[in-house]
Novice: 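Before I ask anything, let me first share the structure, which is written out below as structure tokens.
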Amino acid sequence: MKPSRNAFTLIELLVVIAIIAILAAILFPVFAQAKAAAKKSASISNSKQLNLASLMYCNDSDDTYPISLYTGTFTTPDDSNFQMLLRPYEKNEQINIDPMDPATQKQREYPDSSVPPPDTELQREFNFSFTADWGVNMQFIAPVWFPNSTITPRSVIQSAIARPANTLLAISSVWGRTPSGATYGGGNYEVDAPCWHDSTGADIRPGYDPNGWWWFGGWAPSQPLAWNVFGGVWPWHNGGKQVIVSWTDGHTKAIPMDAVAAGCDVKDYSAGYVTDPDKFIWSTQ
């Protein structure tokens, strides 16, 4: 009688391994896409919560948005910023994080020597707020001017925004990049607009003071590895093609990176001008 066989032959084993490898090659990209989609949904949810916090702040502050900075020294308790002022309205500081940003909590609390070490809890909270992935539209929502070399923070009122559903409040951001272009440190509390002049050359920023202003150098399209190549905006999503945007009317959504500077003739130092006001999403006018 022919004995029973309880083991695979080498050929059968190789066939099974090949089938598993093929299935893995098919499914792994699907899993990666599902994971990225889940992170984008989480980022949209976090941005929505921060947007709601800003609306509650405005409701308690005579319709006025938080300011960007008090002093520019970055030390507590003297200084503060937009995100720090929203903390009483946040249930969890982790909503300041975009899950696609690889920076750790510790890296966000002390991203580099430009901020003081987090030796106290208040300074830790301040540093963490500086590295929020929710970069505020600084030039138009919460500008900082320097008349007579003195920091003068300003912020707009909600009723002064002409198109709330089409005006950017905050957007995905990045703290810094290494010389090779790798990101580090988390996000940035504010970002520069791609331009702020109309076709006549007039400055359209609210409360503009020609004696100086706080900025990050504007957009730098000629420097693709610079942290502010997009003025601090950073496309964490869809393989570097999408950003999460919070709008001043309270809604939040993902948009293509190409739409961020739509209606603007982008040049280094944000020296271009608005070519199509209907497409330009930064201005409050």
Novice: Identify the two heavy atoms, one from Pro153 and one from Leu69, that lie closest to each other, and give their separation to 0.1 Å.
Specialist: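 Scanning both residues completely, I find the closest heavy atoms to be CB-O, 3.0 Å.
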Novice: Take a 6.0 Å sphere around OH of Tyr273 and say whether it holds more than 12 heavy atoms from other residues, nucleotides or ligands.
Specialist: no
Novice: Let's go through Asp98 and Ser43 carefully: what are the C-alpha distance in whole Å and the side-chain angles of both, what is the deciding distance for side chain to side chain donor-acceptor pair (under 3.5 Å) to 0.1 Å, and is it a yes or a no?
Specialist: CA-CA 5 Å; Asp98 187 318; Ser43 179; 2.9 Å; yes
Novice: Would you compute the distance between atom CH2 of Trp282 and atom CH2 of Trp196 and round it to the nearest 0.5 angstrom?
Specialist: 9.5 Å
Novice: Taking 4.0 angstrom as the limit, do Arg124 and Glu121 come out as a salt bridge?
Specialist: yes
Novice: Taking side chain as C-beta onward, heavy atoms only, is Val156 less than 4.5 Å from Phe140?
Specialist: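 The answer is no, as the side chains (C-beta and beyond) never meet within the 4.5 Å cut-off.
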Novice: Quick check: closest heavy atoms across Ala259 and Ile281, and the distance to 0.1 Å?
Specialist: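 Smallest interatomic distance, heavy atoms only, reads O-CD1, 4.1 Å.
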Novice: May I ask you to check whether Phe216 and Trp227 place their ring centers less than 6.0 Å from one another?
Specialist: yes
Novice: Using a 3.5 Å distance criterion without hydrogens, assess whether the side chain of Gln123 forms a donor-acceptor pair with backbone atoms of Pro117.
Specialist: no
Novice: Measure the spacing between CZ of Phe126 and OH of Tyr189 and express it to the nearest 0.5 Å.
Specialist: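 The OH atom of Tyr189 is 7.5 Å from CZ of Phe126, to the nearest 0.5 Å.
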Novice: Give, for atom CG of Asn96 and atom CD of Glu125, the distance between the pair rounded to the nearest 0.5 Å.
Specialist: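 It is 11.0 Å, given to the nearest 0.5 Å.
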Novice: About how many Å separate CD1 of Ile141 and OG of Ser155, when rounded to the nearest 0.5 Å?
Specialist: 9.5 Å
Novice: About how many Å separate CE of Met257 and CD1 of Ile171, when rounded to the nearest 0.5 Å?
Specialist: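 If I round to the nearest 0.5 Å, the distance is 6.5 Å.
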Novice: Minimum heavy-atom separation for Asn46 to Pro99, with atom names?
Specialist: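 For Asn46 and Pro99, the tightest heavy-atom pair comes out as ND2-CD, 4.4 Å.
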Novice: Between Ser173 and Asp133, is a side chain to side chain donor-acceptor pair (under 3.5 Å) present by the stated rule, with each step listed?
Specialist: CA-CA 5 Å; Ser173 60; Asp133 287 302; 5.0 Å; no
Novice: Only counting residues at least two apart or in another chain, list the ones meeting side chain to side chain donor-acceptor pair (under 3.5 Å) with Gln223.
Specialist: none
Novice: Would you call the rings of Trp219 and Phe230 parallel, tilted or perpendicular, where under 30° means parallel and over 60° means perpendicular?
Specialist: perpendicular
Novice: Do Ile151 and Phe82 land in one hydrophobic cluster if side-chain heavy atoms of ILVMFWY residues count as linked below 4.5 Å?
Specialist: no
Novice: Nearest 0.5 Å please: distance from the CD1 atom of Ile255 over to the CG atom of Leu168.
Specialist: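 Going from CD1 on Ile255 over to CG on Leu168, the span is 7.0 Å.
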Novice: For Trp247 and His251, take the angle between the two ring planes, folded into 0 to 90°, and tell me which bin it lands in: parallel under 30, tilted 30 to 60, perpendicular over 60.
Specialist: parallel
Novice: Start with the C-alpha distance between Ser246 and Thr252, add both sets of side-chain angles, then the distance that settles side chain to side chain donor-acceptor pair (under 3.5 Å), and finish with yes or no.
Specialist: CA-CA 4 Å; Ser246 289; Thr252 301; 3.3 Å; yes
Novice: Transitively linked via ILVMFWY side-chain contacts under 4.5 Å: Met84 with Ile95?
Specialist: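 In one cluster with Met84: Ile95, no.
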Novice: Should the pair Glu93-Arg108 be classified as a salt bridge under the 4.0 Å nitrogen-to-oxygen rule?
Specialist: no
Novice: Go through the steps for Tyr70 and Asn81 under the test side chain to side chain donor-acceptor pair (under 3.5 Å), then give the verdict.
Specialist: CA-CA 7 Å; Tyr70 281 153; Asn81 64 25; over 6 Å; no
Novice: Do the rings of Trp215 and Tyr269 sit parallel, tilted or perpendicular, given the 30° and 60° boundaries?
Specialist: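 Aromatic pair Trp215/Tyr269 classed tilted.
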